[in-house]
Amino acid sequence: MNRTALAFWLDSPSRGGIREAALPAPGPGEVLVRSLYSGVSRGTETLVFRGGVPESQHTAMRAPFQEGDFPGPVKYGYLNVGVVEEGPEALTGRTVFCLYPHQTRYVVPASAVTPVPDDVPAGRAVLAGTVETAVNALWDAAPLVGDRIAVVGGGMVGCSVAALLARFPGVRVQLVDTDPARARTAEALGAGFALPGDALGECDLVVHASATEQGLGRALELLRAEGTVVELSWYGDRKVSLPLGEAFHSRRLVIRGSQVGTLSPARAHRGYADRLALALDLLADPALDALITGESPFDELPDVMPRLASGEIPALCHRVRYGDPD
């Protein structure tokens, strides 16, 4: 077997290229994976692509198998689905998910891959990392039967949260976004939709994922007294201001941060592997295909990434295809 691979690198802010990578033989307890698909999460990855990770967050923002350092050169990514070609017998031939960057083949510890359930197509499994973020957010949010909930921000994370909330019995869930085209996505996920000015108020819970101060301000406006905003947005190096001098204190509102890098305290006993396995199980729902809004071959990634970052290619999750998948 050819012991080299090809990997996508961010060479410098807003400019990437494909490089050859050495491919070691897998040792004991390791697997060699051939990539089928990887996913580009337009929020975090395009922020990295434009060089927007603050210096204070360089360590916190490292991906598990990242090479190089911010702002670049850096090999970054965390949504990869492939087939195990070499490794322990129980994994060889299995389709697996791994938090690995965009690369044609790679070697990692066997413990770093999670088998994809048989009822989950490999092309949909690239969403596992984002659905895992949504699972952690809902562990933090702890929604109740019959709650009135808004999800502000119809990006990849917000739509994943709305999709899971739509399964809760008796819940009124509304996806709120400035793009009217997100109405079709919300319908496919089983959620309601509204433009910001038309959103239903008196919410028990609002999940904010728009990464804008306008979105966070609107999230606060949609709450009932003593309601909670769960903040999922990653702002990078941008500052945001909030209307905390208005009714924030008198209405006893709450803003709570949630981030997938740390397990929710409410489910800390479950562990990271269990959370990811749950996310993959939830991907058996074909409605989640609505989150994959485009696809291109791996060798076009240097041209595609700038277009994703600029918004020229509108995307939730953009899927990268490697050769002819099984």
Side-chain angles (χ1 to χ4, degrees), residues 1-41 44-46 48-49 51 53 58-116 122-123 125-126 128-129 261 272-273 276 295-306 308-309 318-326:
M1 177 181 292
N2 183 4
R3 289 294 175 184
T4 60
L6 297 174
F8 175 75
W9 279 72
L10 170 64
D11 296 322
S12 59
S14 301
R15 186 174 64 86
I18 292 175
R19 303 184 182 186
E20 191 171 275
L23 194 66
E30 293 184 324
V31 291
L32 169 64
V33 179
R34 171 173 56 88
S35 296
L36 297 176
Y37 298 100
S38 58
V40 179
S41 176
T44 303
E45 281 202 64
T46 59
V48 169
F49 187 74
V53 179
H58 282 189
T59 299
M61 278 289 291
R62 288 192 68 86
F65 294 101
Q66 174 180 324
E67 293 183 36
D69 297 298
F70 303 119
V74 62
K75 183 174 76 174
Y76 190 85
Y78 49 83
L79 302 173
N80 188 291
V81 176
V83 173
V84 175
E85 292 191 318
E86 297 180 31
E89 183 178 353
L91 288 172
T92 301
R94 293 291 304 273
T95 300
V96 295
F97 176 84
C98 185
L99 296 168
Y100 203 87
H102 309 283
Q103 185 164 311
T104 55
R105 282 183 168 87
Y106 53 91
V107 174
V108 293
S111 59
V113 302
T114 302
V116 174
V126 295
Y272 291 95
L276 180 56
E295 182 177 290
S296 58
F298 168 73
D299 58 7
E300 293 182 6
L301 203 48
D303 296 321
V304 168
M305 279 296 291
L308 288 169
H318 187 87
R319 189 165 59 195
V320 179
R321 183 179 69 254
Y322 297 76
D324 296 320
D326 292 344

At their closest point, which heavy atom of [X] faces which heavy atom of [Y], and how far apart are they?
{"X": "Ser35", "Y": "Tyr106", "answer": "OG-CE2, 3.5 Å"}
{"X": "Pro26", "Y": "Val107", "answer": "CA-CG1, 3.9 Å"}
{"X": "Leu36", "Y": "Val83", "answer": "CD1-CG2, 3.6 Å"}
{"X": "Pro71", "Y": "Pro13", "answer": "CB-CG, 4.1 Å"}
{"X": "Val74", "Y": "Asp69", "answer": "CB-O, 3.7 Å"}
{"X": "Val304", "Y": "Ser296", "answer": "CG2-OG, 3.7 Å"}

Working to the nearest 0.5 Å, report the span between [atom1] of [X] and [atom2] of [Y].
{"X": "Leu308", "Y": "Glu45", "atom1": "CG", "atom2": "CD", "answer": "9.0 Å"}
{"X": "Arg105", "Y": "Leu6", "atom1": "CZ", "atom2": "CG", "answer": "10.0 Å"}
{"X": "Leu32", "Y": "Leu23", "atom1": "CG", "atom2": "CG", "answer": "5.5 Å"}
{"X": "Phe8", "Y": "Glu300", "atom1": "CZ", "atom2": "CD", "answer": "12.5 Å"}

Just do the side-chain contact (heavy atoms from CB on, under 4.5 Å) check on Trp9 and Glu67 with the steps written out, would you?
-> CA-CA 9 Å; Trp9 279 72; Glu67 293 183 36; 3.7 Å; yes
Please list, chain by chain and in numerical order, all residues satisfying salt bridge (Lys or Arg N to Asp or Glu O under 4.0 Å) with Glu295, sequence neighbours excluded.
-> Arg319, Arg321
Compare all side-chain heavy atoms of [X] with those of [Y] and state whether any distance is below 4.5 angstrom.
{"X": "Val84", "Y": "Glu86", "value": "no"}
{"X": "Phe49", "Y": "Pro306", "value": "yes"}
{"X": "Tyr78", "Y": "Gln66", "value": "no"}
{"X": "Asn80", "Y": "Ser38", "value": "yes"}

Would you list the pairs meeting salt bridge (Lys or Arg N to Asp or Glu O under 4.0 Å) in which at least one residue belongs to residues 18-28, sequence neighbours left out?
-> Asp11-Arg19
For Tyr76, which of Met61, His102, Arg62 qualifies under side chain to side chain contact (heavy atoms under 4.5 Å, CB included)?
-> Met61
Validation: residues 90-99 side-chain donor-acceptor distances under 3.5 Å, sequence neighbours left out:
unit_1 : atom_1 : unit_2 : atom_2 : d
Thr92  : OG1    : Gly87  : O      : 3.1
Thr92  : OG1    : Pro88  : O      : 3.0

Taking the six-membered ring for Trp, are Phe65 and Tyr100 parallel (under 30°), tilted (30 to 60°) or perpendicular (over 60°)?
-> tilted
